[in-house]
S.K.: 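Here you go, one structure.
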Amino acid sequence: MARLAPLPRAFFARPTIEVARDLVGKVLVRRVGGRERRARIVEVEAYLGPRDAASHARHGPTKRVAIMFGPPGFLYVYLIYGMHHCMNFVTETDGVAGAVLIRAAEPLDGGDARELRGPGKLCLGLGVTVADKGTDLTRAAALYVADDGAPPPRLGRSPRIGVDYAGRWAARHLRFFARDHASVSGPRGRGTLSGARSRRPSRRT
DNA sequence: GCCACGATAGTG
DNA sequence: ACTATCGTGGCG
């Protein structure tokens, strides 16, 4: 298997939404215990700075999320609901908050396609925990991101999952995913549709 | 010091 | 629709 070069810091040092869109289709490389595991990112969400009511950055640079305000290209991991880990890539220039939540990936070395579907299962499947928080994603070490030359997938977009409390920010289409991809997360294939509308008409907004 | 509440996932 | 399970952050 040819070695893949990590994406440079400049890739992450851009507006969060741009980085989020460009991350779909990229390859996640996880090295642990001498083994290398690869997975293609198929679904992400953009979380912006303090003005984004759904973002962990909304309360400013507290101890937990200070990393979101720091330099780009580092890993932010947190524990949610006391049991699931979620991985995020820090974006924007140093001093500006932003991160992209990685929600689902397609295993490239075989294995169950559902294993990495959903942010919690993705971390579980790749063995990523809060201990990995702060990892430099631009170094070819335990965890990094690469471009394997695959053509960028057609993107769908939708509101972010699980942020209904965020007022008008809940409605913004900041979730991006590879259209028609089986590895996109969500009950009933939520998001395999072309973005904005769900099968059920209306129900809010 | 408390206490409410999640950027979830599996089951009923 | 319900809940397991715990760190974070708001508030006093």
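Basis for what follows: all heavy atoms, side chains included, without hydrogens, waters or symmetry-related copies.
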S.K.: Give a yes/no on whether any side-chain N or O of A:His56 is located under 4.0 angstrom from OP1 or OP2 of B:dA7.
M.R.: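 It does, given that an N or O in the side chain of A:His56 lies less than 4.0 Å from OP1 or OP2 of B:dA7.
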
S.K.: Under 4.0 angstrom, heavy atoms only, what part of the nucleic acid is A:Ile80 near: base, sugar-phosphate, or nothing?
M.R.: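 Sugar-phosphate only.
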
S.K.: Within the stacking criterion (centroid distance below 5.5 Å, interplanar angle below 30°), does A:Tyr81 stack on B:dA9?
M.R.: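 No; by the centre-distance and plane-angle rule, A:Tyr81 does not count as stacking on B:dA9.
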
S.K.: Can you tell me which nucleotide in C:dG9, C:dT5, B:dA7 comes closest to the side chain of A:Tyr165?
M.R.: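 It is B:dA7.
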
S.K.: So, A:Lys121 and A:Asp112, do they make that salt bridge, N to O below 4.0 Å?
M.R.: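 Salt bridge: no.
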
S.K.: Ion pair present between A:Arg37 and A:Asp109, side-chain N to carboxylate O less than 4.0 angstrom?
M.R.: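 Yes, A:Arg37 and A:Asp109 are salt-bridged.
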
S.K.: Please pick, from B:dT8, B:dG10, C:dG9, the nucleotide with the shortest atom-to-atom distance to any side-chain atom of A:Thr62.
M.R.: C:dG9

S.K.: Return the nucleotide paired to B:dT8: Watson-Crick means purine N1 to pyrimidine N3 with N6-O4 or O6-N4, wobble means G-U with N1-O2 and O6-N3, both under 3.5 Å.
M.R.: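 Here B:dT8 is engaged in a pair, and the nucleotide opposite it is C:dA4.
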
S.K.: Specify the separation, in whole Å, of atom CD of A:Glu115 and atom P of B:dA9.
M.R.: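 Interatomic distance, CD of A:Glu115 to P of B:dA9: 13 Å.
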
S.K.: Could you state the atom-to-atom distance from CD1 of A:Ile67 to C1' of C:dT8 in whole Å?
M.R.: 16 Å

S.K.: Do A:His173 and A:Pro159 come close enough that some side-chain heavy atom pair is under 4.5 Å?
M.R.: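 A:His173 reaches A:Pro159 side chain to side chain.
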
S.K.: So what does A:Arg64 hit on the nucleic acid, given a heavy-atom distance under 4.0 Å: a base, only sugar-phosphate, or nothing?
M.R.: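 The residue A:Arg64 makes sugar-phosphate contact but no base contact.
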
S.K.: Would A:Asp148 and A:Arg38 pass as an ion pair if we require N to O under 4.0 Å?
M.R.: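 Here A:Asp148 does not pair with A:Arg38 in a salt bridge, since their nearest N and O are not under 4.0 Å apart.
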
